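Below: one structure, written as structure tokens.
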Amino acid sequence: MRIATMKAVDTRLGRALCSMLSLVAPARGADWPAPERVREIALVKFWGMGSIVLMTPAIAELRARYPHARLTFVTQAANRDVIRLLDGVDATLTLDLGRGPAAFLASLAGLVAQIRRQRFDLW
């Protein structure tokens, strides 16, 4: 896939996915919740392996602030191996983008169902 095409897909698909995810877990205020109230944290980044690696300090900060919380990374399936290399991430939920529209829709439905079951305290 060409870079221009990837950026266009990222822009359109990223906005759509963020809109859909906001229906599952509405955004919260800027205040940090108390550590004892946070059990599940989702980190969401679908594109850019380098950007995912650059999230390492944020992961470390979340781990320090919420030591008992479970950190789950939500990303596309192609990034799964990169996520495994990051310290502090407990689980990965993925979206499969590479097997056609029907497989994408099935993967998206499964991802949304998993996110709803997980009941994240922070995004």
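It should be emphasised that the depicted structure is a prediction, and the values quoted were computed from it without experimental measurement. Worth knowing before you read on, the calculation uses all heavy atoms, side chains too, and leaves out hydrogens, waters and symmetry mates.
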Determine whether [X] and [Y] make a side-chain contact, defined as any pair of heavy atoms from C-beta on separated by less than 4.5 Å.
X	Y	answer
Phe73	Arg80	no
Pro35	His68	no
Tyr66	Ile41	yes
Thr72	Leu43	no
Val74	Leu111	yes
Leu62	Ile59	no

Closest non-hydrogen atom pair, Asn79 against Lys45
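Minimum heavy-atom contact is ND2-O, 4.3 Å.
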Heavy-atom closest contact (Arg39 atom, Asp121 atom, distance)
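Smallest interatomic distance, heavy atoms only, reads N-OD2, 2.7 Å.
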Say whether Leu85 and Leu93 are linked into one hydrophobic cluster, either directly or through other cluster members, by side-chain heavy-atom distances under 4.5 angstrom.
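Per the 4.5 Å side-chain linkage, Leu85 and Leu93 are not co-clustered.
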hydrophobic_cluster_shared for Ile83 and Val53, side chain cutoff 4.5 Å:
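Same cluster: Val53 reaches Ile83 through Ile, Leu, Val, Met, Phe, Trp or Tyr contacts under 4.5 Å.
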Name of the residue among Arg84, Arg63, Arg70 meeting salt bridge (Lys or Arg N to Asp or Glu O under 4.0 Å) with Asp90:
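Testing each of Arg84, Arg63, Arg70 against Asp90, the sole residue satisfying salt bridge (Lys or Arg N to Asp or Glu O under 4.0 Å) is Arg63.
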I need the Arg37 CZ to Leu122 CG distance, nearest 0.5 Å.
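One gets 10.0 Å once the value is rounded to the nearest 0.5 Å.
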For Arg117, salt bridge (charged side-chain N to carboxylate O under 4.0 Å, His left out) partners two or more places apart
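Arg117 satisfies salt bridge (charged side-chain N to carboxylate O under 4.0 Å, His left out) with no residue once adjacent residues are dropped.
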Got a donor-acceptor contact below 3.5 angstrom from the Thr94 side chain to the Thr75 backbone?
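No: the side chain of Thr94 does not pair with the backbone of Thr75.
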Under 3.5 Å, is there a donor-acceptor pair between the side chain of Ser107 and the main chain of Asp96?
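Yes; at least one donor-acceptor contact below 3.5 Å.
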